[in-house]
Amino acid sequence: MEVFSEEAAKYVWGGAIPLQIRLHESEVTTLPPPPPALVLGSRIGYLPLLVPLIKPYFSSTLPPGEDTVWFDYNGLPLKWYVPIGVLFDLLSAEPERPWNLTAAYVINGNCKNIMNMAQADQFDLWQSLVKGRIPVRLYIRNVGESLEDLEDAPIIDSWDRISYINRAVEIHKEGGNYMTLKHAMRTLLPEIFGDEDPDNRYELREEGSHEAGSSFGDPETISMTRNDLVEETSFGSQRSSEANLIRIQGIEPDLNIPFSWVVNNLKNPDYFLHLCVFLRTSSCQAKAT
Amino acid sequence: MQSETSARQWDGTLSPNDFNSSVAALCERWKEVNDSLPQWLWVPFPVVGDSSCNAAGYLTMENVYHQNASEEVSHEESILGDEELSDDATLVQSCGKDDMHVYDYHIVYSFNFRVPVLYFRGYRLDGCPLKLEDIEKDLPAYSLKGLRESKWTFMTQEDHPYLRRPWYTLHPCGTSDWMKVLFGSNAANNQPRPLHYLSAWLSVVGQAVGLRIPLGLYKSQ
C-alpha cells in the first residue's frame, strides 16, 4: 500500500455530508414555517462555517440583529469544534442521509463568546509529530451488548454518554514490519482490543510491564509481535453484531491495514486522527462518562 | 525514565507514569507545607477500555479565594454587564459588597504534549461564573500582556477534557521548552526527578494565573 494516496486524500477532503437543517420551532415566526435548508457539510469542516450558508434560508422569519447559531441533532447540542464528519459518524450510527439537524438562533447573543473558545488543538500536532507520536482523538460510544442493528442504537441525549479523549500513538518503523491499525487500537484501548487468545494476552502484559518506564509500548516488543498481528483475522471489516466497530472518515476499516496508511490518508487537517469507536460491551463494564 | 530520551537530551516532557508519581509527590508536599491551605486532590477518571492508564484524571484544588477584587471595579462591571447581557438571570445578580472571586484549579495531563496543563474557572460567591473581563482583572500584569500579545496560544477557553464544560486553560505548546530552561543545564543530560517536575511547573504556571504557592514547597526537605 502506498504511504500516501492522492486518491484517498481527495476523497477525504472532498467528502461531505448532505444536511437537512430545520429552524428550531421556537424560532419560527412565520406561517408556514420556512422550508429546511439543504446544504452539504464538508466532512473536515465545522458547523459554524455553515452559518452564512444557511442564513438566507431563514432570514425571512428571523428578527434582525446579531445572532449566534447552534445546531442540534435529536436534541443534542453539537459541539462546534468537532468536525462535521466525526459528528455524523458518531451520532448517526446507521448513516442517515440527509442528516436532519436543527438550527437554533440566539438573537443578540455575542458570537465572540463562542468563537473565543480556543481551537488551539492544531498546535498539538506539531509537537507530537516531531517526536514521532500521532495525535489521536478517540470518541467512544457504547451501543450496548444486545444491539442487533445499529439503526436501533439508543439516541445520544448528552455528551456525557460519549467518552472522547486525546491520546497519542507512537509509530515505530523497523525492518519490513509495520504496525497495524489493530495494534494501534491495542495501545489505545488495551482492554477492548486485546485478544481473547491467551498468547496475545501474555504479549499485552509484556507491553504493560515495559510501560512502567516509557509511556506507550516499547519498540522491541512491538517488532517481536508484529508478524503475528498481520496474520490475525480482522474483526472490523465485517459487521458482526458482536464486534466493536471503528469508523474513520465514514469508513469502517479493516484492522489489519497499516496504521501509518490510516494516519497519512485519513487524518483531518488539524493533524488529528479522529476515530469513532462503537463498543458492544455490557453497560456496567463501560461507563462512558 | 524514558529510555529513548534520557540517552539524548531531555526534551522537557513527562511520561504518564511520571506524571502520576509527580502528582502524588505534589499532594504530599503541599499538605506538609501548609495544612490549612486548600489541598490538591487527585480525581481519577478511568477511560473505557484503558483503566490501567493512571494519568487519566485531574488534580483539583477548589474554592481558592482571590482577594484583590475591589468594590469600585465590581460596580463598573455591573453597569457594563447590564448593557451587554440579555439574560434576565444575570440582571438580578447582586454584584456589590461581597464581590469575592473564587477559583477552581485543575491539572490535567496532555497525552500529546506529554506535559501537565492547567485548567481553571472563576466564579463569585453566589456561583455566578466570571467572564474573561472579570478574570483579567485578577491576573498579574505580565499575564495580561501575554494574553494581549498571543491571543490563541496563551490563555484560552476550552472544554475541560474530563468535565466537558468550558474552562480557561493555559496552552501547553511551550511548556516542555520552558521546563528545560527551568531545570537549567543540569537537565541537558539528566532528566530531573519526576517528583520535582510538577512543583517546578506550578511555580511558573501558578504565577501566570495569580495562584499563590507556599514558598515552603521549594525548601529542601
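Lettering of chains follows the sequences in order, A, B, ..., and the numbering in each one begins at 1. All values below come from the heavy atoms of this structure, side chains included, with hydrogens, waters and symmetry mates left out.
Counting heavy atoms from C-beta outward, B:V48 and A:N142 have side chains that stay 4.5 Å or more apart. B:D159 has its side chain within reach of A:Y81: a pair of non-hydrogen atoms, C-beta onward, lies under 4.5 Å apart. At least one side-chain heavy atom of A:F272 sits less than 4.5 Å from a side-chain heavy atom of B:N112.
Here the shortest heavy-atom pairing between A:S163 and B:V47 reads OG-CG1, 4.5 Å. The shortest heavy-atom contact between B:D50 and A:E191 is N-OE1, 3.5 Å.
Atom CZ of A:R133 is separated from atom CZ of B:F113 by 10.0 Å, given to the nearest 0.5 angstrom. Atoms CZ and CG, on B:F111 and A:L138 in that order, are 11.0 Å from each other to the nearest 0.5 Å. The CZ atom of B:R164 lies 4.0 Å from the OH atom of A:Y164; values are rounded to the nearest 0.5 Å.
For chain B, no part of A:V277 is nearby; none of its heavy atoms comes within less than 4.5 Å.
Counted within 6.0 Å of CG on A:L49, heavy atoms from surrounding residues, nucleotides or ligands total more than 12; the atom is thus considered enclosed.
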